[in-house]
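The structure appears right after this line, and notes come after that.
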Amino acid sequence: MSEHKEFLLSVVVPVYNESAGLLEFHKSLLKQIEKVAKNGYEIIYCDDGSSDETAKIVRELHKDNPKIKLIRLSRNFGKESALSAGIHAATGDAILMIDGDGQYPVELIPDFIAKWQTGSDVVVGIRSSNKGEGWFKKIGSHYFYKLFNRLTGEKLIPRSTDFRLIDRNVQEAFITLGETDRMTRVLIDWLGFSRSFIDFEANARSSGPAGYNRRKLVKLATHSFVSMTPVPLFLFGYLGVFITAGALLLGGSVLIEQILLDDPWHWKFTGTAMIGILLLFLVGIVLMAQGMLSLYISHIHSQAKQRPLYVIDYENSAGIRKV
Ligand code: UDP
Ligand code: MG
């Protein structure tokens, strides 16, 4: 890690229909940024296809101060895509991501910079609480992290947020990731690099309802699973093995007890029951076949994602990267 006495800071802000609170947010952000990045900064607002005045407001800001930039997506792609667009475009030595709804405390930005300057490539904001968060989000996120870490073997940190700062090296590695259904913080965690953490308490949204409704959150969670692990695919295969084994056991005992021994225990299995067992057996076979298919699909799946096999942090010989 080099000394960052003179550095350019990029701030990436995804915004979707935030016009009501945007100016206020921008003012508080700018105050902090001018404090820490005297030598240069850029603030990139990524407008995620807003239908309100969001883009117009940013255009006005840009007129007065060209360091304030706008990337406007052609439609609403979701926060993750907006964030990625900003990260890809950033030209700074460090890239800070922050939501444009005022929920992340801008006062902590100097702390993020300080941690970066003392050698962390990734500085992650950890939310200690979220005022006004509904039960669905609370319970949902608790179990999401539990299940996610269990199934994928990853170590996502509960309550870690997109309020993050990444070094230019991390950005370069991030750019090589070609996944379409993405969750930015999962990808950044996957990349590795040296990390440190900053705890903070989230503010209530400065205005308007959260752009992420339940349906979107469930979709995001599902995509994160699918992009990180094929295990859900295999579950049906296991279920098939279980059902087939059960059906064989049942069928076998009927065969012996009823047909071979002439029903000594008076089970009196009807023809319908036997057809039931046969059906169960066939369903089991079908599920097992599906599980087998899943194995192949999971190979295609991991190949289709085209993630690089590894990421180079430091390379001396080629001399293409840092220090
Ligand atoms: N956002 C976005 N696209 C969307 C939804 C949200 O760019 O489709 C932005 C939004 O403007 C805000 C940030 O992403 O700056 C976080 O959104 P929100 O506050 O709705 O999510 P939460 O705080 O509940 O995670
Ligand atoms: Mg928010």
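Indexing begins at 1, ligand by ligand and atom by atom, following the structure's order.
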* With atoms numbered from 1 as shown, which atoms in ligand 1 lie under 4.0 angstrom from a non-hydrogen atom of N76? -> 3 (N), 4 (C), 8 (O)

* What class does the angle between the rings of H26 and Y45 fall in, given that below 30° is parallel, 30 to 60° is tilted and above 60° is perpendicular? -> tilted

* To do: Answer side chain, backbone, both or neither: which part of V13 comes under 4.0 Å from ligand 1, heavy atoms only.
  => neither

* To do: Using a 4.0 Å heavy-atom threshold (strictly under), name the region of K79 that reaches ligand 1: side chain, backbone, both or neither.
  => both

* Polar proximity ligand 1 side, C46 side, N/O cut 3.5 Å exclusive -> no

* **Min N/O separation P14 to ligand 1 under 3.5 Å** => yes

* **Residue D101 atom name (nearest to the Mg ion (ligand 2); N/O/S)** => OD2

* **Interatomic distance, T91 atom OG1 to I44 atom CD1 [nearest 0.5 angstrom]** => 6.5 Å

* Asked: Hey, what do you get for CG (L61) to CZ (R59), rounding to the nearest 0.5 Å?
  -> 12.0 Å

* E24 bridged to K27 by N-O distance under 4.0 Å -> no

* Evaluate the criterion salt bridge (charged side-chain N to carboxylate O under 4.0 Å, His left out) for residue pair E172 and R168; output intermediate values, then yes/no. => CA-CA 6 Å; E172 279 168 16; R168 196 191 181 89; 3.6 Å; yes

* **Of the listed options D48, N17, D99, T54, closest to atom 4 (C) of ligand 1 (non-hydrogen atoms)** => D48

